[in-house]
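Below you'll find the structure, written out as structure tokens, and then a few comments.
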Amino acid sequence: MDRRREALVGFVVLLGIAVAVVGTIWLQGGWRRSMVELTAASASVGQLVPGASVRFRGVAVGRVEEVRLAPGGDAVLVDLSVDPGLALPENAAVLVAPESLFGDWQAEILNRADFPQGEFLDYPQEGVLPGTALPDFSRLTATADEIARNLTVISERFEIAFTEETALNLKNAIDNIGEISNGLNEMIAQQAERFEDLSRGVNASAEELGAAARSARISFERVDSMIAGFDVGGIMANAEASAENVRALTEDMNASLEEIRSAAATADSAFGRFNALMASAEDGDGSLGRLLGDPALADNAAEAIEQMRALLADIQENPKKYLSLSIF
Amino acid sequence: MIESVLRPFSTLGVRFLALLEELGRAATLFAAAFRSLRNAGVWFPNLLPEMARIGVASVPIALFIATFTGIVMSLQASYTLTGAIPVYFVGTLVGKTMILELGPVLTALTLAGRVGANISAELGTMRVTEQVDALETLAYDPLAYLVVPRILAAVLMFPIVVLLAMTIGIASGWVTALQLLDMSSPEFVKGLRLFFDPWDVWFAVIKSVSFGAIVTGVGCYCGLRTEGGAEGVGRSATRTVVVASMLILCLDAFWAAVLL
């Protein structure tokens with residue numbers, strides 16, 4: 001009976017210890033073949049912990065053995081154990097990234113060129129792979145939260161600034177810009193026509209200038225030919241005679257101009273007196289002024305003239321009635 | 001008038017002094033039991049029987065409780081972890097909970113009722129029937145004979161029972177996940193391994209050792225302090241279960257604060 005009890009106790013104790021040992025080893029990943037040790041360096045490792053999986057092209061090839069700070073604390077060294085059959089890619093690097101949304105992280109071996117945006121840490125030690133870590137989800141959510149807040153502020157400001165009146169003003173401004181644009185188009189079209197006309201005129205002028213140049217060249221050639229014919233003395237004599245004639249003509253013109261200036265002065269004086277006379281007539285001075293200013297007087301004058309005209313006619317017909325001519 | 005005012009303070013003082021007296025008696029008992037470790041010739045022959053009685057005999061009830069704890073944990077985890085949370089977290093939750101908390105604590109509470117009450121009743125009966133006094137009369141160290149083997153057996157066997165209970169609890173949760181939750185084994189194992197740390201197992205073992213010492217120590221103290229016949233034995237058994245359960249929970253919080 002005691003022997004049986006002893007055996008039972010021994011069995012239970014061994015069973016408990018075996019379960020603990022085997023279970024722990026199995027939960028840690030089971031019995032593994034001899035693995036190859038690698039070390040990677042990164043500025044940070046997020047939430048990577050020992051036991052996290054190491055993946056290559058998405059396939060689990062090992063596990064993280066240890067995560068420790070480098071001497072000096074300027075980097076984090078991650079010890080990895082990977083399958084000995086794994087052929088590391090060229091420019092191998094380690095990307096530490098979340099495996100899922102729930103806090104489990106992994107280390108991924110990749111070609112550095114496959115992740116060019118990653119800022120891999122080149123640790124100054126032979127055999128240490130460069131590594132980098134993606135930002136934690138909390139950082140991403142914090143950044144997203146900040147962006148959302150900024151967007152909220154922008155939308156609020158936009159809402160404040162963009163009222164119905166603003167929209168109408170904006171519409172008017174757009175319409176005005178359209179009109180200005182049309183005006184500019186028309187003006188550009190007109191200016192283009194003018195420039196075309198101008199260019200045509202310039203062309204014509206250029207052609208005329210060319211023709212003048214050709215004429216001048218012909219004239220110069222003739223002058224040259226004349227100079228070459230030794231008739232310069234005659235030409236100069238003719239020119240001197242012509243100059244003398246011009247001088248005499250100029251003197252005659254000066255004299256005529258002097259007479260004209262005198263006549264103009266006389267006319268100016270006559271016009272001055274006439275102006276004074278007209279001014280006094282307008283003011284009602286003198287007979288002419290009263291005639292101009294009083295219509296009754298003018299009518300009386302016309303009537304007197306008419307009577308005088310009748311008197312003269314009567315005198316012409318009956319001179320004796322009015323004239324008594326006696327000699328002695 | 002003055003007496004009625006002072007009565008509450010007096011009552012509080014009496015109770016506090018009684019508590020200190022109890023603690024002093026308990027400390028004296030355990031110190032004496034520690035000294036009795038020298039009498040290996042007395043306690044060692046009783047160690048194996050006590051291991052069988054405390055440990056091996058407690059395995060079935062511990063495994064029964066762990067089995068259903070694992071089933072309930074798996075079902076409740078799948079009920080809680082819905083929507084965006086991956087289903088393999090059921091394995092994580094079952095494993096972590098069974099190893100860190102439910103395995104050691106539920107097993108210890110169960111054994112507080114089964115083992116602690118048993119020891120208290122046994123020693124209480126010996127005390128009220130003056131068998132303990134007889135041992136002292138025969139110059140037999142009652143602590144080395146009655147207390148040390150029980151405490152040592154519990155310290156040695158509680159971790160074993162807890163380890164088996166944790167294993168069975170996880171296994172039952174696994175089977176439940178496969179059969180009732182449409183999970184696959186790789187999914188459950190992935191979750192189980194996801195945040196596993198070997199230190200968790202050591203944490204459970206350390207807690208189990210302390211729980212074993214507490215359950216049997218309280219049982220022995222209450223049993224040896226039994227007075228008043230059969231009624232006193234019943235009170236001692238009840239007191240053992242209550243005090244041991246409270247101390248288990250207090251120790252659980254203590255170890256969590258200290259070790260995690």
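Just so we're on the same page: letters track the sequence lines, and every chain starts at 1. Heavy-atom basis, side chains included; hydrogens, waters and symmetry copies ignored.
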Original post:
For Pro159(B), is it the side chain, the backbone, both, or neither that has a heavy atom closer than 4.5 Å to a heavy atom of chain A?
Top reply: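 When you check distances to chain A, no heavy atom of Pro159(B) falls under 4.5 Å.
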
**OP:** Kindly check if the number of other-residue, nucleotide or ligand heavy atoms within 6.0 Å of CD (Glu126(A)) is above 12?
**Re:**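 Open.
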
Original post:
How about Trp202(B): does its CH2 atom have over 12 heavy atoms from other parts shown lying under 6.0 Å from it?
Top reply: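 Open.
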
Answer yes when [X] and [Y] have at least one side-chain N-carboxylate O distance shorter than 4.0 Å, and no when they do not.
X	Y	value
Arg200(A)	Glu193(A)	no
Asp141(B)	Arg38(B)	no
Glu187(B)	Lys190(B)	no

**OP:** For chain A, find its close neighbours in residues 165-185 of chain B: heavy-atom separation under 4.5 Å, sorted by number, or none.
**Re:**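 Listed by number: Thr167(B), Trp174(B).
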
Original post:
Does the gap between the ring centers of Phe68(B) and Phe64(B) come in under 6.0 Å?
Top reply: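 Yes, the ring of Phe68(B) comes within the 6.0 Å limit of the ring of Phe64(B), centre to centre.
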
